[in-house]
Amino acid sequence: MVPADEGGGLMRTDLLFDPVDGLDEALAAVNAFDGVLVDGLLRPQPTQVAGLTAIADAVSGTPLASRVVEAAEKAAAGAAAEDHFVVLAAARTALMGSVHDALTARVGDVTGRPRAEETAPAADGEEHAANVLAAARAWLCDLARAGWHGIDHELIAAAAPVVSAMLSDPLLRRQATLFDGFAAELAASCPGAALERVPERRWADLWSRALLLTLAGAARTPATSPATGRLLPLGVDMQEHATAVLAQVHAVFEPADGTAPRLVRASVSAPKPDTVVGAGLWQLLRPRMSLLAAVGEGRSMELDAMPLTPEGDLVWDDERARAGEAADPFATARVILSTAIEPVTAPLDRHPARIAVPVLLEGYAAEQEDGGPLAFGLAGHWLAVDTDRAPAAGPLTPEAVAASGACVGLLRWDAGEFVLQPVAVETTVRKKTVAVHAGAWAGGTTDKAGARAEKAATDSVAVLRERAGRLLRK
């Protein structure tokens with residue numbers, strides 16, 4: 001390990017393995033409520049009443065307490081209205097937010113990095129598209145009454161006109177994406193009565209988030225400030241869905257005015273057909289963000305008044321960026337990462353699944369027994385390594401991670417423990433230190449496997465564009 005006060009690494013890795021006070025109790029209350037949604041709240045049973053009581057008890061002593069008690073009582077009697085469901089979703093979101101805050105505080109103790117100051121959110125503006133949001137809210141309440149075992153194609157189909165109305169409004173694109181994906185998952189699982197296993201946590205997450213996003217001002221565009229200076233990429237996290245792909249670049253931003261560096265993110269997404277996979281995904285993303293080419297080439301970028309949110313998200317505009325000098329992510333991590341300010345997290349985004357903190361690890365021992373998960377030995381403990389998150393659209397393989405001696409990764413929390421998602425590693429090839437990056441193919445590749453995938457994607461995209469053009473001409 002490289003001590004943080006000497007340029008990088010983690011300060012107190014032992015804290016990653018110590019219990020967090022109150023964490024189990026908060027998650028137990030969330031799990032109890034999630035179980036309530038399985039069979040729905042049309043005719044609540046005693047076990048569901050117990051789950052409602054658990055979430056009310058968990059927020060006792062908070063400003064939500066009295067409203068949650070009322071909502072829980074109404075739901076237990078099978079008489080919950082829309083406002084009551086919203087309150088229950090808010091209570092669940094607050095509990096998950098408390099888990100997020102406790103875990104990020106622990107990560108802060110581990111890294112020793114400074115954290116940005118909280119800022120008060122802007123006042124809510126005028127409600128936009130109130131009728132569409134009301135229709136969305138009504139559908140979500142119908143879901144809660146039916147429960148996951150009660151879903152059928154007729155119920156899920158009722159979301160289609162809501163999604164269509166949202167997609168036609170650019171200001172509702174965020175909600176539309178969530179509703180569309182959620183409805184598609186539910187449709188693929190119909191009828192609910194035949195489900196052998198219900199993804200309780202995931203669907204409750206989606207339901208509560210979607211419900212709160214129907215409220216006035218919940219999805220407002222955050223205020224931004226101009227960011228001018230040098231952007232030093234650390235690595236790329238790619239997330240792929242059957243119909244969409246997203247690449248998120250984690251980086252350190254050095255302001256031109258000499259103030260402290262900051263951890264930032266820049267994201268780009270695109271819809272995708274099933275036929276575009278592997279390295280071909282970069283073809284869908286590359287035209288939308290010049291930063292990807294810089295990542296693939298190992299270069300920094302010079303930003304000129306790029307919009308930056310308080311949460312550390314760059315609202316990317318190619319007109320405000322130009323390629324800079326060569327920049328090695330490992331040099332950035334060793335020299336600057338320990339002093340970079342951690343961004344704050346927006347209230348509705350406070351969820352343990354959103355934790356993804358860039359860290360540098362060195363001097364660890366890698367171990368993998370009997371084909372089990374890979375782990376890195378740190379200060380007498382073993383940190384699980386999630387190599388399944390490494391994208392097929394890059395050269396970073398589990399074998400390269402296992403043979404590495406240094407790693408830039410994202411510290412996450414999954415299934416009750418901290419895990420590491422590698423985004424770049426240093427390994428030895430023929431007695432030379434070689435860096436392998438998950439985003440190495442972002443700007444193009446000469447790798448044989450990557451080049452074949454790029455060629456296949458080029459052919460697929462050309463065919464799809466020709467068909468789309470033919471339909472539009474009709």
Salt bridge flag under 4.0 Å for residues Asp349 and Arg174: yes
Spacing of Glu311 atom CD and Thr224 atom OG1 [to the nearest 0.5 Å]: 11.0 Å
Residue list, side-chain hydrogen bond (donor to acceptor under 3.5 Å, both in side chains) with Glu240, at least two apart or on another chain: none
His351: ring-ring contact (aromatic ring centres under 6.0 Å, His included) partners, not counting sequence neighbours: none
Exam field: side chain Arg299 to backbone Ala323, donor-acceptor pair closer than 3.5 Å: no
Residues forming a side chain to side chain contact (heavy atoms under 4.5 Å, CB included) with Thr228, sequence neighbours excluded: Ala256, Asp304, Ala305
pair Arg320-Pro307: side-chain heavy atoms closer than 4.5 Å: yes
Pairwise distance OG1(Thr345) to CD1(Ile355) - rounded to 0.5 angstrom: 8.0 Å
Salt bridge (Lys or Arg N to Asp or Glu O under 4.0 Å) involving Asp237 - partner list, sequence neighbours excluded: Arg412
Non-neighbouring partners of Glu399 that pass side chain to side chain contact (heavy atoms under 4.5 Å, CB included), sequence neighbours left out: Thr397
Set of ring-ring contact (aromatic ring centres under 6.0 Å, His included) partners for Phe376, sequence neighbours left out: Tyr364
Donor-acceptor contact present, side-chain Arg262 to main-chain Pro343, <3.5 Å: no
Extract all donor-acceptor atom pairs below 3.5 Å that involve side chains of residues 287-297 and protein atoms in other chains or at least two apart in sequence.
| from | atom 1 | to | atom 2 | distance (Å) |
| --- | --- | --- | --- | --- |
| Arg288 | NE | Leu284 | O | 3.3 |
| Ser290 | OG | Asp318 | OD1 | 2.7 |

Set of residues satisfying side-chain hydrogen bond (donor to acceptor under 3.5 Å, both in side chains) with respect to Ser267, sequence neighbours excluded: Gln248
Contact check, side chains of Leu27 and Met96, non-hydrogen atoms, under 4.5 Å: yes
Sub-4.5 Å side-chain heavy-atom contact between Asp313 and Leu308: no
Side chain to side chain contact (heavy atoms under 4.5 Å, CB included) partner of Phe330, the single match among Thr433, Leu337, Val408: Val408
Backbone N/O of Phe253 and side chain of Arg230: donor-acceptor pair under 3.5 Å: no
side-chain hydrogen bond (donor to acceptor under 3.5 Å, both in side chains) partners of residues 97-106, not counting sequence neighbours, each pair once: Asp101-Arg350
Residue Arg115 excluded, over 12 heavy atoms near CZ under 6.0 Å: yes
Whether Phe17 and His381 hold their rings parallel, tilted or perpendicular, with breakpoints at 30° and 60°: parallel
Arg173 atom CZ: more than 12 heavy-atom contacts under 6.0 Å: yes
Non-neighbouring partners of Asp414 that pass side-chain hydrogen bond (donor to acceptor under 3.5 Å, both in side chains), sequence neighbours left out: none
Heavy-atom check, side chain of Trp316 versus side chain of Val268, under 4.5 Å: no
Neighbour count >12 (heavy atoms, 6.0 Å) for atom CG, Asp21: no
Gap separating the OG atom of Ser300 from the CZ atom of Arg322, nearest 0.5 angstrom: 9.0 Å
Separation between OG1 of Thr214 and CH2 of Trp139, rounded to the nearest 0.5 Å: 12.0 Å
Residue pair Pro398 / Leu374, side-chain heavy-atom distance below 4.5 Å: no
Pair listing, salt bridge (Lys or Arg N to Asp or Glu O under 4.0 Å) test, anchored in residues 380-397, at least two apart: Asp386-Arg389
Non-hydrogen side-chain atoms of Pro261 and Thr339 separated by less than 4.5 Å: yes
Results of side-chain hydrogen bond (donor to acceptor under 3.5 Å, both in side chains) for Trp203 - residues two or more places apart only: Glu185
